[in-house]
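Here is the naming used below: chain letters follow the sequence lines, and residue numbers restart at 1 for every chain.
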Amino acid sequence: MSNIKNWSTTPSNNDDDPPHGAPEGWAVDDVNLVVRQQMADHRTQWEDAQWFN
Amino acid sequence: MSNIKNWRVTASDNTSAAPAGAPEGWAPSAVNNTIRQQMADHRTQWQEAPWFDWGHVLVQTGTQAFRVSISNTVASTIYTAGRRLKMVDGGVTIAGEVVATSASGSNTIVSVSSSNLSASLSSGSISIFDPGSVTWPVASKMDMYTDTITSSVNSAKLVTPAALKHHVGVAKAWGYVAYSVTGSNYTLINSWNVLSVTSTITGLVNVYFQTSISDSTGPDFKPIFGSGHGPEGSPSPYIFSAPGFNSPSYFTAYLYKPATGSLGDSSFTFVVYGLLESP
């Protein structure tokens with residue numbers, strides 16, 4: 001199940017700790033982890049695209 | 001084609017060099033490039049949203065089959081029967097649907113409805129809608145009646161026109177037959193499922209069907225209705241009677257003059273119910 005179910009449509013609310021969000025003041029070395037996680041989340045969602053949680 | 005086909009569902013595997021991934025120790029100056037690339041990939045994917053390329057390499061094994069290098073255990077959950085495919089074969093896009101999968105060692109052979117796959121086959125996208133899903137979000141081809149239906153109808157299924165014509169509640173033939181005094185003959189003006197009309201006896205007209213009709217729903221079930229209009233140009237009510245089918249291929253209309261009760265030539269309209277004998 002994709003983690004997109006936990007994302008908010010309000011950008012400022014997507015501030016969970018990495019890799020599931022992009023909070024203020026996050027560490028530079030967390031950026032790649034967030035990007036990778038989002039790639040995985042999107043891929044997972046497309047593999048089950050007829051349904052959305 | 002979106003590059004999402006190359007993304008992995010395991011986050012730590014998305015380590016391709018920027019902009020295709022987010023590797024450890026990447027340069028700060030590469031971050032924006034990866035984000036831009038991902039914006040483009042998302043946009044591309046959404047522009048073709050009914051389809052998703054799983055990133056499989058399709059190797060043609062026959063005119064109606066290809067091989068993918070994943071196990072049948074996995075492939076059978078992706079290439080489900082009836083799922084639509086859009087395959088790239090050289091410079092040609094070939095549409096089709098999955099028929100079945102079968103194991104071929106550690107690989108899988110996918111047989112498809114298309115019959116013109118060539119050695120140039122390379123990749124393909126799969127419909128995001130899976131008709132094999134138990135509860136499908138929209139009615140699919142699999143949820144349609146495409147063959148004969150009679151009196152039993154599942155209200156959850158769609159009905160194609162080709163199937164609807166078989167339902168017992170739908171007319172199986174109808175027509176308007178004109179009788180011309182001048183020409184002394186009968187002419188089929190407008191109709192559905194009527195091949196021809198002939199008359200050799202005054203007031204008796206044989207109506208032949210294109211597709212035969214049965215009244216097998218019961219010996220007393222004679223679902224032929226009509227009305228006589230009198231000869232063309234001088235319309236007056238005539239009595240129409242059709243006691244049943246002479247055979248599955250035709251019935252005889254009897255037309256009576258109302259004043260005398262004797263047979264007489266007349267234009268008439270009719271509608272027939274019953275069961276079409278073949279799809």
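- The structure places CZ of A/R43 at 12.0 Å from CG of B/D41, a figure rounded to the nearest 0.5 Å.
- Minimum interatomic distance between A/V35 and B/Q38 (heavy atoms only, all atoms of both residues): CG1-NE2, 3.2 Å.
- Nearest heavy-atom pair across B/F129 and A/Q50 is CA-OE1, 3.6 Å.
- Contacts with chain A (heavy atom to heavy atom, under 4.5 Å) involve these residues of residues 6-31 of chain B, listed by number: B/N6, B/W7, B/R8, B/V9, B/T10, B/A11, B/S12, B/N14, B/T15, B/A20, B/G21, B/A22, B/P23, B/E24, B/W26, B/V31.
- To the nearest 0.5 Å, atom NE2 of residue B/H42 and atom CH2 of residue A/W46 are 10.0 Å apart.
- Of the two parts of A/E47, the backbone and the side chain both hold a non-hydrogen atom closer than 4.5 Å to a non-hydrogen atom of chain B.
- To the nearest 0.5 angstrom, A/Q38 atom CD is 12.0 Å from B/T34 atom OG1.
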